[in-house]
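Heavy atoms only: backbone and side chains are in, while hydrogens, waters and symmetry mates are out. Every chain is numbered from 1 and lettered A, B, ... according to where its sequence line falls, protein lines coming before strand lines.
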Protein chains: 2
Amino acid sequence: MEKSSTLWDRSRQAVVAEIVDTALALFAEQGYEATTMAQVAKRAGVSQRSVFRYFGTKEDLVCGEQEALGEVLVSAVAAQPPEVSTWDALRAGFTTILTASNHTPQRVLEISALIFDNPSLHARYLEKRLRWQRSLVPVIEKRMGIDSGEVPDARAMGVIATVFACVDAASELWVRHGGKADAFELYEQALAAVRG
Amino acid sequence: MEKSSTLWDRSRQAVVAEIVDTALALFAEQGYEATTMAQVAKRAGVSQRSVFRYFGTKEDLVCGEQEALGEVLVSAVAAQPPEVSTWDALRAGFTTILTASNHTPQRVLEISALIFDNPSLHARYLEKRLRWQRSLVPVIEKRMGIDSGEVPDARAMGVIATVFACVDAASELWVRHGGKADAFELYEQALAAVRG
DNA sequence: GCCAGTCTGTCAGTCACTGCCAACCTGTCT
DNA sequence: AGACAGGTTGGCAGTGACTGACAGACTGGC
């Protein structure tokens with residue numbers, strides 16, 4: 001949470017934001033597949049090479065910020081006091097993410113719909129989420145009173161994967177309902193069906 | 001389970017198997033990323049174009065048969081008698097898949113390790129699994145006594161996603177243990193931690 | 001043998017992505 | 001002001017996955 005130090009850093013942030021905005025606009029106009037990186041670069045006013053320097057892959061134009069959110073999630077869960085149950089700690093982590101995201105719900109919905117509609121994007125998204133799960137393992141193991149071995153514990157992995165699965169189900173349904181449903185409620189329903 | 005009808009069909013199957021075998025061998029030798037489709041085609045004795053006609057993508061050389069297994073899973077779950085609980089029905093589906101796969105455990109381990117070690121393959125694999133989940137939704141909804149609406153039910157999705165999550169955790173741990181662990185046991189542990 | 005339909009190989013092309021190098025911009029030291 | 005060092009950008013050529021189009025080969029039915 002450090003203030004954007006140098007002026008140079010801020011202009012860089014502006015360039016990144018500009019590229020993402022033009023990319024999302026183009027994806028909305030023509031669809032993800034039909035849009036080329038050359039188009040994005042040209043309309044954003046930078047070289048194609050620079051777009052790849054900033055984002056690495058076309059998919060990261062959409063899924064890029066997931067990276068940072070993962071760290072937020074892990075530290076939020078780790079920061080929960082020990083008397084909070086594992087399930088509540090994980091839920092708290094996800095609510096933290098929701099409030100930490102500085103996007104309008106419309107924007108979140110737009111991006112989510114893009115991801116859910118596009119197999120290649122969806123695949124990449126799932127894989128990134130799996131990294132979140134991996135980095136959560138030690139945190140949850142400690143919370144469940146399990147010694148962290150070199151290989152993760154099946155119980156910890158199961159709990160983490162289940163919470164993610166329910167979050168995922170809730171997100172997908174939220175998108176399918178056009179953002180009109182209560183995602184939190186859907187999550188509770190899904191988890192209750194599992195644990196009840 | 002129909003007998004491979006025409007001779008032509010059988011030789012076609014042989015070609016497909018030959019391509020997969022050479023591909024896996026090359027991946028084992030040089031790694032997945034470092035192996036080009038041109039190499040696979042050349043060593044398999046077919047044109048590069050034909051490889052793409054059979055498999056569509058490089059990833060499908062490894063994940064291709066997942067497709068068929070998904071249908072086996074769905075029909076196996078649907079075939080469970082109604083008095084079997086939802087959880088048991090899903091577990092039965094997965095054990096059916098395990099026995100239906102006509103590969104040696106070594107082969108399964110080799111393929112699984114390839115998938116888990118390779119982000120691009122892993123991503124594609126997860127996305128395919130998600131399609132299994134989608135096609136299971138109506139089956140599970142009926143079993144849980146839920147009317148199938150146009151949008152899936154959160155409870156059904158949660159249960160399905162959870163079982164898959166635990167299967168996934170168990171598979172990954174099984175691979176991390178070099179195939180020496182009991183995958184079934186790991187699955188039970190993970191699910192017990194969730195439902196207990 | 002002949003014809004229709006299917007399968008295969010070849011070729012050229014698109015697009016994501018990368019390494020390389022020259023130009024450039026920015027702050028610093030003298 | 002001018003030289004210098006660091007990092008940044010753009011252009012360019014290349015690789016590799018993947019696709020469409022076309023021509024030849026191969027198959028089964030007549």
Checking contacts here: which listed nucleotide ([options]) is nearest the side-chain heavy atoms of [X]?
X	options	value
B/Met37	D/dG10, C/dG9, D/dA17	D/dA17
A/Phe52	C/dT18, D/dT19, C/dG9	C/dT18
A/Thr36	C/dC15, D/dG11, D/dC18	C/dC15

(message) Keeping B/Arg143 on the side-chain end and B/Val84 on the backbone end, is there a donor-acceptor pair under 3.5 Å?
(response)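 Present.
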(message) Using a 3.5 Å distance criterion without hydrogens, assess whether the side chain of A/Ser50 forms a donor-acceptor pair with backbone atoms of A/Val46.
(response)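 Judged by distance alone, no pair lies under 3.5 Å.
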(message) Could you check whether any side-chain heavy atom of A/Ile111 comes within less than 4.5 Å of a side-chain heavy atom of A/Glu65, counting everything from C-beta outward?
(response)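 Yes, close enough: below the 4.5 Å cut-off.
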Does a side-chain N or O from [X] land closer than 4.0 Å to OP1 or OP2 of [N], or not?
X	N	result
B/Tyr54	C/dT8	yes
B/Arg49	D/dC18	no
B/Ser50	C/dG9	yes

(request) Look at all strands and tell whether B/Phe55 reaches a base, only sugar-phosphate, or nothing, counting heavy atoms closer than 4.0 Å. (result)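 No contact.
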(message) Heavy atoms only, 4.0 Å cut-off, all strands: where does B/Ser120 land among base, sugar-phosphate and nothing?
(response)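 Nothing, no nucleic acid heavy atom in range.
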Nearest whole Å is fine: how far is [N] [atom2] from [X] [atom1]?
X	N	atom1	atom2	result
B/Glu33	C/dA16	CD	P	18 Å
B/Phe27	D/dA17	CZ	P	9 Å
B/Arg12	D/dT27	CZ	P	15 Å
A/Gln48	C/dA16	CD	C1'	8 Å
A/Arg53	D/dG7	CZ	P	14 Å
A/Lys42	D/dG10	NZ	C1'	15 Å
A/Lys58	C/dT18	NZ	P	15 Å
A/Ile19	D/dG10	CD1	C1'	13 Å

(message) Just to verify, which of B/Asp168, B/Ile160, B/Val167 counts as forming a side chain to side chain contact (heavy atoms under 4.5 Å, CB included) with B/Phe164?
(response)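 Answer to the side chain to side chain contact (heavy atoms under 4.5 Å, CB included) test with B/Phe164 among B/Asp168, B/Ile160, B/Val167: B/Ile160.
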(request) Quickly, which of B/Arg129, B/Arg131, B/Arg124 forms a side chain to side chain donor-acceptor pair (under 3.5 Å) with B/Glu127? Name it, please. (result)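 The option that passes is B/Arg131.
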(message) Need to verify one output field. Residue with the more 5' nearest nucleotide on DNA chain C, A/Tyr32 or B/Gly45?
(response)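 The answer here is B/Gly45.
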